[in-house]
Each structure stands twice: as C-alpha cells, then as structure tokens.
Amino acid sequence: MTIKSAKLTDLYKDYERFHCDVAALPAFVRSGGVTAIGESAFPVWIHPESNPIIAATRYGKGRVVAVGNELYFNLRESEQSACGLLARNILLWLTERGTGEDADADAGAGAAGSLYQDAVDGQDALKLATTSSTLTVGSSFPVELVKIDSWSSFMLDPSEYPVAYVDASISDAEVPVLEAYIRQGGSIVVAQRGWLLCSVPTEAVQNQTLDRAVRMGDYPLQKLLNRVGLCLLDSVAQWYVRPGDTLPEQTFEQVYAVHTQRLFDQAQAIERGELSFDDLNVGKSGANAEDKVRVITAVVEGTIRSLAEEAPLLKVIRDEAKKETPIQLPFDKKQQPYTAAVLSYMFQQATLDPDNVKSPYAGVFPRSVGEQAETVYDQVVAVDFDYLDLSYMRMLFAPMNWRSTGLYAPAGKVVTVDVPEGTEYLDVQIGVHTDNLCDNPKWDRAPIVTLKQRLKPGTNRINSPYGGLIYLIPAKPKAGTKVNVTIHGAVRAPYFVLGQTTEQEWNDTIRHYPVPWAELQGNRIIVTVPADNIRELERPEQLMRKWDEIADHYDRLVGVAPDQPIPHRSPDNPQRFVADIQISAGWMHSGYPIMFFEGVTAQEAVDVDVIQKNAWGFWHELGHNYQQIPWFWDPIVEVTVNLHSIHIQSLYGNRSRLFETGKDGKTNYDRAIEFTNSTYPNKNFEDVGFFERLVMIKQLQMAFGWEFYTNLHIAYRELPLDQVSMDEEDDEPQKVDLFMIMASKVSGCNLLEFFDRWGLHYSEQARAAVEALRLPQPETEIWNARESG
C-alpha cells in the first residue's frame, strides 16, 4: 500500500491528536484487536507484540473510531486519567469541523476547533446518540447521552447528533442507515472486544441460520466497520497483565507500520526476496524474525479470518487461494509469510462437505487408516440429551458433552449419519484435535484438522478431508431425551469403555484395529492417544480405574459428589486428555480437552504407575480445569492450580515438590519462609516464584486441614452470583478482597497478618470486613509452617 506524502502528513497529525497528553495506556487483560484495512483508515494505538487495539478512519464526511476494549472509551473516568484523556481525544477528533475524506483534513481543519471543544468551553453539551443500555457518562464530560430504541426508527441527523455510540446489537437492516449517517458527516465510536462476541453470540447473529461456528464476519457491526475500512478481530491482544502494566506510546512509524494492507504488501515483498525482516518496523524493541512473524500473523491472518463476506480484501485472498499448491510440512512462516496468510484462510474454510477429497496433509496428521480396516454399516449410537449445565461449579473448564462413538471417519470418505425425525441441536464432530494452530509461527500439521457441523433430521452425508474419531454432541440439554443415531461408512477405532468392554475383547481384537487413534473411556476421564501407544496395553481396566480414582480425589477436595444436590453435584461428563503432534500453547495446556504432546507423554498417559507417581503435568492441567473463577487472578493462577497436584502427591505417598532444592541450595520452603519473615517495604506476593507462593496454599492446609479447601470451594459455590466475579481475568482487586474475607470465614481465624506476611494487597474495606467478623488470631504463626520430611 503506497500512501502519498501529503496523506502521510495528515495521518501524522491524526496520530498527534489521538496521543495528545497520553504517554501510556493501562494494559487491560484480554482486550480485543482492531485493525485498519481501508486506505483512509489507520491504527491509533497498538500492542507492540500483537495487534492494534484502537483504529480510526475517515469515511465520506464523517469519521469512525473502533476500540478493542470498552474501558478505553470510558466516559465515567476522570478526564485527567489516561483513559479519560484518550476518550477526550477521541471525541475531539470525531467532532473536528471539516471532517471526513471529502473535506480538507489539514491543520486548518484542526484549527477550526471541534464541537466537543465547544462543549468543554461552556456551550451546549455534545449530543451522543446510542442504543446501548450500558454506556453512561460521568460529570467530567460535557456530553448529553441520548438513548434511542433503534437506529432504523430514529432520525439520525449529523447536525443534531454529531456522534453515535454503536454496539453489536445492530441488525443487518441498520447497517445502511448508519453508513449513510457517517457519509453525511456523522461520527461513530465502537468499543467492543471482538473475541467476546464469538464466545457469546448476540441476538443479531443467533437469528441467522448458520451450519458452522459463528465468525466475526457474521456480525452486522463488523459489516459496517468493514465498509468504512476498519475491522474487529476475533483474537485477544494481551492475555495476562500485572497490576500497573501499561502500553507505552509508540512512534507514528511503529503505529503506521501495522496497517493490515501495509503488512500484507510487506509479506509479499519478503516472499519475493525484495525485503527482509530486518526492514520491518514491527514488534517490540529488538524483535527477531519470529517475533515479527507473530505480529504479521496476529494482524494479517487475524484480519482475514474476521472479515465479512463482502469485504474487498477477502475477494483478493480467495483469488490468491485458488492459485496455491500444497506445501511441505513442517512449514515455517518466516520463509513464506504471505503464503502462510493465504493458507491460513484456506484451512479455516474447511467443512464437512460430502464432496470433499482427502487432504494432502491428512497422511502427516492425524494419519491414515490401514487398508485392511473394515467399513461399518448400521452402527447405532445412543445419544443422551439429559446432562447438567455445569456453570454452578464456577470452574475454569467444566467438562463438555462430547459423546464418543468408537468409530473413525477415514479422510476423504463419505460417512452417513441418520438422525431421527424431531431431533434438534445435535452436532457431529470429526476429530478430537481441536487446537487451532493458525496463529503459531510454525505448523507441524495442518492447523485445523477437526471439523464440526449441525445435523438435521434424516440422512446427513459428511466427509472430512482429514478424517478422525467421530463424536456426537447434543448442543442443548433436554431432560429425559435420548435418541438413537445410525452411522454408515466409518471404521472401528481401538475404543475401551470401562464397565462395558471386556479385557479379553480388548486384547484379542479391539486394540489391533488399524486406525491411528485410540480412546480409553472411564467414568470420569477419557484418554485419547496414538494407537501405537496402546498396542501393548493389556490391562486397560486397571488404568482407567486409576484415572477415575484420581478424578474422584479432585471432586472430594472441592466438595462435590454424584449424590449431592446442585451446586455440589459432581460433573456428569468426563474430562478429556488428548495427545497431539503440536498444540497451541505450552508443553501441556488445560481446557476441554486437556492437550499434551505425543511421544513420551502419551505413553505416560497410559501407564498406571506413572499417572499416580510422576504425572505432575497431568495433575497440574486437570487442576487448572478445577480452579474456581471467583478466586482466579493472574499472580495466583499458576499457584492454586497445584493445590490438587500436592494433594495427589500426598495421597499416593510421593515426596512434595516443595522440598525441591534450587541452585541456591535452599528449598521452596526455605525461600518462602524467608520471604514471609522479611520486613522490606512494599512487599508483594509476586516477588517470589510460583512454588514459593504454593507454600502459602500449603500452610493454610497444614493449619486447617484439607477440609479448609473443601469448605472454601463449597462456600464460593454457595455465594449469590452477584457477589462473585465470573470474568476469568478481570476484577483482580475484587477477587483478592473476597478471597481474604472467605478464607478468614472458612478457617474461623483472622488471617490478615498471614496475608500481610505474604504480601497480598487488599483494600481497607476488606480489612474492615475481616475485622468485623471478630475472629480470633491463629494459634500459631502459620506463615512459618513447613512440612516435616
């Protein structure tokens, strides 16, 4: 994208106006990305290691600003705070006289002032129209909020209502209305986390008929933004932040460098050998080629997959995709960043269309079915729609309701699924490897190999280009409802079900099926590994009973059981562990399913001795799934997770990892207790490592028993929903305060000094709440407690 020097001058002036008096913005957890895709659009503020979080554009006589987090356009803030100053700058820029690409956007336009500045100077308040029920205005801003019912039924005159705040509730019918308003001189601000929309679709999208997962491009709001040259991303700009983290101001050159079209052109130039990664002014200071690939991926690939169908850039990508030939795996994006962007789009368009052919990548992963595998016809699978909504558990990842079938769909082969009449909300999924690797800088396998679609009553013909284990997923619970689904054209996979499959059947026949993936199902845990890992497994019943026993220990520790009433009933679906050749993050990661690497770890997953003696990774990731969100905040995420790990270590007679010795010759206990007895000012819980912090969790157990944590989990589940935060990452101060109060209540002791010793910072309100309980002090200095051994 080539921009004339005069245009660059205008963009630089815009940059200065947005950044006036703002040296840094607070870093908010899980802010969404926003990109510039039009010639008149530009990034405003960026996350240097991922994507822009604010972008803007001129369009006709009007202007639009898109913000990736509602907190960056917070009209309740003091105008002197960073976000308040930013909101002021947004309003000043949106209401400049002589705005729009049809107007003279030079210094003279800015000199003419703005309508918002007139309001600041004492003239009439700026009228801001909105349909939002959540937007409010504080006393710092001279803004009159005009609430309306719909954009279609309201006379939205730019001269009367210079600014409109638009959210994701708009309909397709309102898109041309708002576009006309902008073109005629109106200005719009959008503050929305795109990834959140995809997680919880709005009514505007739910009313559409889709046979696939919701995408950003399905939203009318995205269609509007794409028309004017902006794009919300379906990804997160920053996952974790520490208190006080900021996003520093970037130079104009750094901000301008991440315009989507500019990165798109540069990726092509790199691939042609006309440009090197050293020439790219993207990424954090000192970024290497891989860091820069991550930025290109976040912006370019994130934009492509988020575009609405009618976006011109999407047509370009589709035309390019038709020219692509298969690549060799593994594939390193550094070598072909432009090709990677096109391929990423292609991989994300895969469906279960019956006309599919076998993917050229299927042999690499998930691998091929043996030629001697016999096709199965008329296999009846019972699907139970009667399952619990496990939100009452308030856990990070409650198990979902995939129903294993024990069948495998060969790549490129049609499988027929017959569904009884009257059946609604039943999905079929081919494949268990749900990690999407599109954003990874290297692909060891095709980045998307698992596909899902909604089934209709009658005969459904599906065909996966990759193949995989077949799952049936009831998408909505329905009490007392079971249906029998019949599958034709699949093959049998090695599949053991505790209590149903005999070990003789397993050893004589089932474990030898020539299918690349095997599944072992207990009552509480399901393990999926390459079939090569189970060919010699002779005692699957012993293995799965042990896995179930481990899961039962997790349940008992958090105080749930199958015979208890809600909210203390244990989950009625099993957790899943799945091996993969490549995963989206880390060595293992939590979720549904819990993911880990093939090879040694997969072999350990089916070794009954290992899983009870030396399986910290498995215990740890299952512990993440069980973490309760109301006491889940960044500095404690990788700490409380190991409550379960040390519990399992203790139950099976293993030596605690808290006794491990570091390079300094000290154990985790030694360093932790030195910390709790230190007196330096501003002591902070984060000043020590995760295992030292784990000592705090263990000290509470030593003082009050394992039942302390059982009762704590129970108490959190029983709190009214309006007293807890169910946001996974936000509201850290509130979560810390509540934890201090809840821990004191459950223990029956005033734990303020204990938490002071550990450097946990809480509010004066929390201190007063604990003091008001009039609890006794602990009988011992529990911050000095350590296990014997």
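- Looking at K698 and S656, their side chains never come closer than 4.5 Å, going by heavy atoms from C-beta outward.
- Judged as a side-chain hydrogen bond (donor to acceptor under 3.5 Å, both in side chains), the pairs with a partner in residues 429-441 (not counting sequence neighbours) are, in order, R305-D439, D435-S584, D435-H589.
- Legend: residues meeting salt bridge (Lys or Arg N to Asp or Glu O under 4.0 Å) with D427, ordered by chain and number and at least two apart, are R454.
- The two atoms that bring C438 and E301 nearest to each other are O-OE1, 3.0 Å, heavy atoms only.
- Using cut-offs of 30° and 60° on the angle between ring planes, the pair W402 and Y471 is tilted.
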Please output the side-chain donor-acceptor pairs of residues 411-419 that fall under 3.5 Å, not counting sequence neighbours, one pair per line with the distance.
residue	atom	partner	partner atom	Å
K413	NZ	T375	OG1	2.8
D418	OD1	T459	OG1	2.9
D418	OD2	H488	NE2	2.9

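- Using modelled atom types, no side-chain atom of S650 and backbone atom of I646 make a donor-acceptor pair closer than 3.5 Å.
- A side-chain donor-acceptor contact under 3.5 Å links S344 and Q348.
- Contact record, A446 with Y466: CB-CE2, 3.7 Å, taken as the closest heavy-atom pair.
- The neighbour count for Q372 CD, taken as heavy atoms of other residues, nucleotides or ligands under 6.0 Å away, is above 12.
- In this structure, NE2 on H713 lies 10.5 Å from CZ on F708, to the nearest 0.5 angstrom.
- For the pair N401 (side chain) and P474 (backbone), a donor-acceptor distance under 3.5 Å is present.
- Between H624 and H620, the ring planes are perpendicular. Angles over 60° get that label, and only those under 30° would be called parallel.
- In terms of modelled atom types and a separation under 3.5 Å, the side chain of N654 and the main chain of Q612 share a donor-acceptor contact.
- Judged by distance alone, with hydrogens and angles left aside, the side-chain atoms of Q564 form no donor-acceptor pair with the main-chain N or O of A561 at under 3.5 Å.
- Contact of the I525 side chain with the Q575 side chain is registered, since non-hydrogen atoms from C-beta on lie closer than 4.5 Å.
- Between S404 and I526, the closest side-chain pair of non-hydrogen atoms falls below 4.5 Å.
- By the side-chain hydrogen bond (donor to acceptor under 3.5 Å, both in side chains) test, R461 pairs with no residue at all, sequence neighbours left out.
- The salt bridge (Lys or Arg N to Asp or Glu O under 4.0 Å) search around E519 returns R576, not counting sequence neighbours.
- Judged by distance alone, with hydrogens and angles left aside, the side-chain atoms of N356 form a donor-acceptor pair with the main-chain N or O of D353 at under 3.5 Å.
- With respect to H644, the ring-ring contact (aromatic ring centres under 6.0 Å, His included) criterion is satisfied by exactly one of W619, Y554, Y709, F618: Y554.
- The backbone N or O of I697 sits nowhere less than 3.5 Å from a side-chain atom of Q701 that would complete a donor-acceptor pair.
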Yes or no on side chain to side chain donor-acceptor pair (under 3.5 Å) for S391 and D389, after CA distance, side-chain angles and deciding distance? CA-CA 6 Å; S391 59; D389 174 357; 3.1 Å; yes
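- Residue L472 holds its CG atom at 5.0 Å from CD1 of I487, rounded to the nearest 0.5 Å.
- Here the shortest heavy-atom pairing between I583 and D580 reads CG2-CB, 3.8 Å.
- Screening V428, T351, L352, I462 against L451 for a side-chain contact (heavy atoms from CB on, under 4.5 Å) leaves a single residue, L352.
- Applying the side chain to side chain contact (heavy atoms under 4.5 Å, CB included) rule to R294 yields the partners E290, D291, P441; only residues at least two apart in sequence or on another chain are considered.
- Between the side chain of D386 and the backbone N or O of K478 there is no donor-acceptor pair closer than 3.5 Å.
- Using a 4.5 Å heavy-atom threshold, the side chains of F577 and V529 count as separate.
- Considering all non-hydrogen atoms of both residues, A490 and I470 come closest at CB-CD1, 3.7 Å.
- Listed for the W633 side chain is no donor-acceptor partner under 3.5 Å among the backbone atoms of K735.
- Rounding to the nearest 0.5 Å places OG1 of T528 at 11.5 Å from CG of N533.
- Ion pairing of R367 with E598 is present here, as a side-chain N (NZ or NE/NH1/NH2) and a carboxylate O approach within less than 4.0 Å.
- Note that NE2 of H647 and CG of L557 are 5.0 Å apart. Values are rounded to the nearest 0.5 Å.
- With contacts defined as side-chain heavy-atom distances shorter than 4.5 Å, the pair E505/F496 does not qualify.
- Every residue two or more places apart in sequence or in another chain was checked for a side chain to side chain contact (heavy atoms under 4.5 Å, CB included) with E536, and none qualifies.
- Other residues, nucleotides and ligands place no more than 12 heavy atoms under 6.0 Å from the CG atom of N614.
- The aromatic rings of F691 and W616 lie tilted to each other, with the angle between the two planes from 30° to 60°.
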Show your working on side chain to side chain donor-acceptor pair (under 3.5 Å) between N573 and R403 and close with a plain yes or no. CA-CA 9 Å; N573 289 320; R403 309 305 188 197; 3.0 Å; yes
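- Counting only distance, with no hydrogens or angles, the side chain of Q582 and the backbone of K442 share a donor-acceptor pair below 3.5 Å.
- Between G522 and L498, the closest heavy-atom pair is CA-CB, 4.0 Å.
- Annotation: the span from T481 atom OG1 to L426 atom CG amounts to 12.0 Å, rounded to 0.5 Å.
- Although no hydrogens or angles enter the test, the distance criterion places a donor-acceptor pair under 3.5 Å between the side chain of R535 and the main chain of R511.
- Here Y626 pairs with D555 under the side-chain hydrogen bond (donor to acceptor under 3.5 Å, both in side chains) rule; sequence neighbours left out.
- R545 and N523 share no donor-acceptor pair across their side chains, judged by distance under 3.5 Å alone.
- Residues satisfying the side-chain hydrogen bond (donor to acceptor under 3.5 Å, both in side chains) test with D552, not counting sequence neighbours, are R524.
- Using the six-membered ring where Trp is involved, Y716 and W631 have ring planes that are parallel, under 30° apart on the 30 and 60° scheme.
- Evaluation of the side chain to side chain contact (heavy atoms under 4.5 Å, CB included) rule for A493 yields Y408, L469, V515 as partners, not counting sequence neighbours.
- In this structure R657 satisfies the salt bridge (Lys or Arg N to Asp or Glu O under 4.0 Å) test together with E660, sequence neighbours excluded.
- Between R492 and E374 the shortest side-chain heavy-atom distance does not fall below 4.5 Å.
- Here E549 pairs with K546 under the salt bridge (Lys or Arg N to Asp or Glu O under 4.0 Å) rule; sequence neighbours left out.
- A340 approaches W443 most closely through the heavy-atom pair O-CH2, 3.7 Å.
- Here CD of Q628 is found 11.0 Å from CG of L396. Values are rounded to the nearest 0.5 Å.
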